[in-house]
Structures are given as structure tokens and as C-alpha cells.
2 protein chains.
Amino acid sequence: MSSTVAKALSLLDYFSDSEPEIGLSELARRSGVDKATVHRMLSVMCDHGLLEKRGDARLYRLGAGVLRLARVRETAFPVSAVFQQSLDALSAQIGETAHASLVSGRALATIGVSEASRGSRVSLVAGEILPFHSTASGLAVLAFSRPEVVDRVLAEPLTARTSRTPTDPDVIRARLQEVRLTGYAEADQTNEDDVYGIAMPVFDTDGTPAGAVAVAVPAHRMTNDLRRQIIAALFAESGKLTVGIGGHPSAEFRAAASRFGSA
Amino acid sequence: MSSTVAKALSLLDYFSDSEPEIGLSELARRSGVDKATVHRMLSVMCDHGLLEKRGDARLYRLGAGVLRLARVRETAFPVSAVFQQSLDALSAQIGETAHASLVSGRALATIGVSEASRGSRVSLVAGEILPFHSTASGLAVLAFSRPEVVDRVLAEPLTARTSRTPTDPDVIRARLQEVRLTGYAEADQTNEDDVYGIAMPVFDTDGTPAGAVAVAVPAHRMTNDLRRQIIAALFAESGKLTVGIGGHPSAEFRAAASRFGSA
DNA sequence: AACCATCGTTGATAATAATGAACCGATGGG
DNA sequence: CCCATCGGTTCATTATTATCAACGATGGTT
């Protein structure tokens, strides 16, 4: 839990699209680690190309090493490209912002976004780490994950992102049960105010969720009709994606999908 | 030098296009670190999404986290996309394989390749970590780097990749001086047998090399005419790339370029 | 211009976390 | 059927790393 490399790697989580460059003191403050320690860890990560200091400023940013790593992963197991294509289709069809995330350790990593072209839309801070318990994507993934994964996630302290965020493990377990029956997860302003998200899992080769695709809508604009449209579109795209990455859905999800199809 | 996080991160260097999945014992053997230690480090990196074990097999591969990191870096500082475009143009024009790499800590990380369409061509094991002293790209970068960077690189032990690899720091310094005068670096089978590489630096905002573009040709096919073609094309593309990433070339490189132009 | 806050960096001490050999059960090839 | 090798685990020893304070530099403010 408190290994040195874990602390070092967790520093990477603070970099996102909204904050691609961060200073030493800022990182120390956020992570709660001593400044000197952070400094040494950042230096090591710079040496390995995971980070780099911008020449002039004294800010750190993600280095060229991550580009190489991503390239290696994408050429061996192309998923990012496959997802982006589906996201573009989704946002075009629905007219709202679509995004995708993959299971990345004990959280979700946003790996693609396709924003709607209309003026008022949900503008995601992309590239962020998403919590499991407060996002539609997280619930969608968790609902079809193995019980021990659920236990591990719910054992950790659950922070309330908004006033509506469920933080009681039992409440969340109940919601997961719903998700298992319907096949999709909804998050009505539980991760961010005014954002209503609907998500569906995408499955890996072993039948466990590899990630999720989701559509995010300004909460006030959500209607029953729009919900139905989104869910139908997600079933289509999630299916394509699961096939696209060589996976196959769990029996539970297939059952939920057929229930929806016959409704 | 022997910090824990450094050892952990160096494990990532063994993943490449030719070997996107590696087992525990294999990594322990290569890195020379104890199996137990490697196991703990891998576990931590899995928890953070940098790596993941493939569900069925017992192999480790790069995780979804690297995709997120690369995405964040690319949206903030798009270089990978810019490079790929130039690489495609180069390989189309010359008819040989072109590749690009960026300074990544104490080495070069290959971030893009565009293979020629012809049958006999250099097929790079892409996504690899390139040494500075044995590759044309490395020499091109080093030649225009600050003296202390050169000293640091040449202070480390230089491994002979082929029978022609220069391992004497003084010999390499002499070659760097040539590169500074001509603006390009050549590597005649010093990194890989039968591969002749020509590379040119691409500069960052602060006038230091951010990386290099290179063309690799089967050694037996290299002629003076082809050399001249490649060098001319590289001057054009390297210039575009330097501008494309918002950088500006060092005075020394500009001088070399103008000498070539007037020749 | 002088000040104050904050930045990145360094160094000595104390305590933590890494180490590596031995061991286990499972797997697969000879 | 046996042996080699795999991934994974345990535990006592020790070397590593976190800590905390102080320092010089930087930059914005009064």
C-alpha cells in the first residue's frame, strides 16, 4: 500500500488534460508526500523519460517515454483506435458527448472523448482518472466484475464527489444489482453537478469488463426519450467494441441485452 | 542510480513491439533483479494501470494507464501526430523506412515508424529504446546537445551492438564534431548489421534537440546518390518538424543547413 | 527598491521498505 | 513418471528511503 514505487506512480495520476504541467510543490501538496521525496521521485521518472521538465519553466510534464509505451501497446493490442471510432459515431448519432475508459489498475482511465458539436454540451476534463463508485462507467464495469474486485473497490474509502454521490457500500451494491439486470448504468449528477451519464461495459477476452463506453448529457436536458435513444445506441456500440477487441460479453450482460431487445 | 523506482521503471524498457508481453521470470533474468522483487514491483505497476496481466495467460503487458498518459501528453503537446505525418512523407519520397524518436530520459524512445512499401526494406523493431552512441539518431541528438549531456552519456559504459559499434568516447566525440559540421549523422551498421541509418535532429523550444528523424536503408543498397537524396529530404522534414513542435534550431545546426544548401 | 511568500534543492538523521534465499503448488515437456 | 521451470509467497537481515529543517533563488507586491 505504501510502497515507494506506488507513491511515485501515483504522482502520474495528477496529470490530466486540464493540468498537463504541474510543479513540484503542487504535487507534494496534493499527494501529501514530502517535497524532498517528491523531488527525488520526479527526478528518477525524468531519467526514465516518463516525465520531463520543460526547458524554460520549472514545471514537470509527461515525457516522451509514455508515447513509446502507448505505441507499443497499441500496435500489439489496438483498442484506443477502435474505441475512438465508436465514440465519434456515438456523439454524432446522439448529439451529446461520448467518452470511453479502460480499467486501469484500481480505477478507470479515460482514453477517448468525442464531444458533441452543439453549443451546450458536457465538456469532459478528459484524460482523468475516474472513480468507480461515482461514475456511470465505473458502475457499469463494477457490475459485471468478479465479486472480489467489487469487494476490494468498496473496501476503500469512497469520497463524495457531489451531494448525490452514494458512499454507502450497501447502496452501491444495490445499484450494481440493478445494472446487472438492465445492462447499463446511470449516474445522475453523482460524479459532477449537472452531468447525467449513461454507460455500458465493454468486455475482454476472458469475459470480464475491459472498460466502458458512456454518453454524458447536461442533466436538465435528459428526457425519457433521449435515455432510450442513448441506451439503444450504447448496446449497439458496446457490442461492436467487445467484438472489436476480441472479447465476448458475460452471460449476465447478454441476458440483459436480450431483455432490452425484446422490450 | 539504484533507487527502487528506477529499477521498477526500467522493467518497462523491456516491452517493445517485438515483445509486448513478458513473464515474471523472464523479466527477472533480464533485469538481474530478484524474482520476488520483480514480482512486487510488477504488482504495484499493475495496481496503477501501467501494466496488466492478461486474464488467461500469466504474462504481463503494458496497461491501459499508458494510453491515458499518452493521450494527456498528446492533447497538451501534440508531437507524435506531427511526426507521423513527416515520416509517411519521407518513406513515400525516398522509398525506404523512416522512423522518429524523442529524447526520453537517458535514451531515445522510438515513437513512430513508416515502412517503405517495397519488398526488401529495413523492418525496424519499433517501440524500442535506442542507445545514443550506436544509432544515427542518437548521434544527431547528442551532437547538438549541451556538453554536460554528452559527458553524462559517454560516462556510462557503451555496449557494442555490432562489430562496428564505436565504444571509445574519444572516437564518438570526433564523430559528433563531424555531425555538428554537416548537420546529419550516419550510422553504417553500428547499431544493427546490414542497416545504414541517416538521421537529423529536431529541435525543441529551447534550442536543444527534442528528438530525431531518420531513414534506414539496407546497407548494401546505399549509394552516394541515395545519400544525397535522403539528406536533402531530411533537411526539409526536420525543419518542418522543428517548426511544427514550436521549436527553433540551434545556431550550429542552422549554419550546417545553410552550408548544405549552398553546396 | 525592499519585502515577503513560494519555489526548487540539499544534507543529516531515523525509520521504513527492499532484499534474496528458500519454499510451495501448478504446469508441461522429456 | 519425473524433472525443470513457471508464478507466487514468506521472512529475517540490511540497506534504502522518508523525513524535517535550513538555504539560496525567484518573482510578485507593496
Measure the distance from [atom1] on [X] to [atom2] on [N] and round it to the nearest whole Å.
X     : N      : atom1 : atom2 : value
A:L24 : D:dT26 : CG    : C1'   : 15 Å
B:M41 : D:dT17 : CE    : P     : 12 Å
A:R54 : C:dG8  : CZ    : P     : 13 Å
B:I22 : D:dG7  : CD1   : C1'   : 15 Å
B:D34 : D:dG8  : CG    : C1'   : 12 Å
A:E26 : C:dC7  : CD    : P     : 8 Å
B:R58 : C:dG25 : CZ    : P     : 19 Å
A:L59 : D:dG27 : CG    : C1'   : 14 Å

* Structure fact -> Note: for B:R40 and B:K35 on DNA chain C, the residue whose nearest nucleotide lies more 5' is B:R40

* Taking for each residue the nucleotide of DNA chain C with the nearest heavy atom, is it A:T4 or A:H39 whose nucleotide lies nearer the 5' end? -> A:H39

Under 4.0 Å between a side-chain N/O of [X] and OP1 or OP2 of [N], yes or no?
X     : N     : answer
A:R29 : C:dC7 : yes
B:Y60 : D:dG8 : yes
B:K53 : D:dG8 : yes
B:S25 : D:dG7 : yes

* Asked: Of the candidate nucleotides D:dT19, D:dT9, C:dA18, which contains the atom at the shortest distance from the side chain of B:A36?
  -> D:dT9

* Taking A:S101 for the side chain and A:A109 for the main chain, is one N or O donor matched with an acceptor at less than 3.5 Å? -> no

* A:E52 (side chain) donor-acceptor with A:Y60 (main chain) under 3.5 angstrom -> no

* **Pair B:N191, B:T135: side-chain N/O donor-acceptor within cut-off below 3.5 Å** => no

* Does the ring of A:F15 carry A:R61 above it, NZ/CZ under 6.0 angstrom from centre and within 45° of its axis? -> no

* To do: Decide, yes or no, whether a salt bridge links A:R54 with B:D206 under the criterion of side-chain N to carboxylate O below 4.0 Å.
  => no

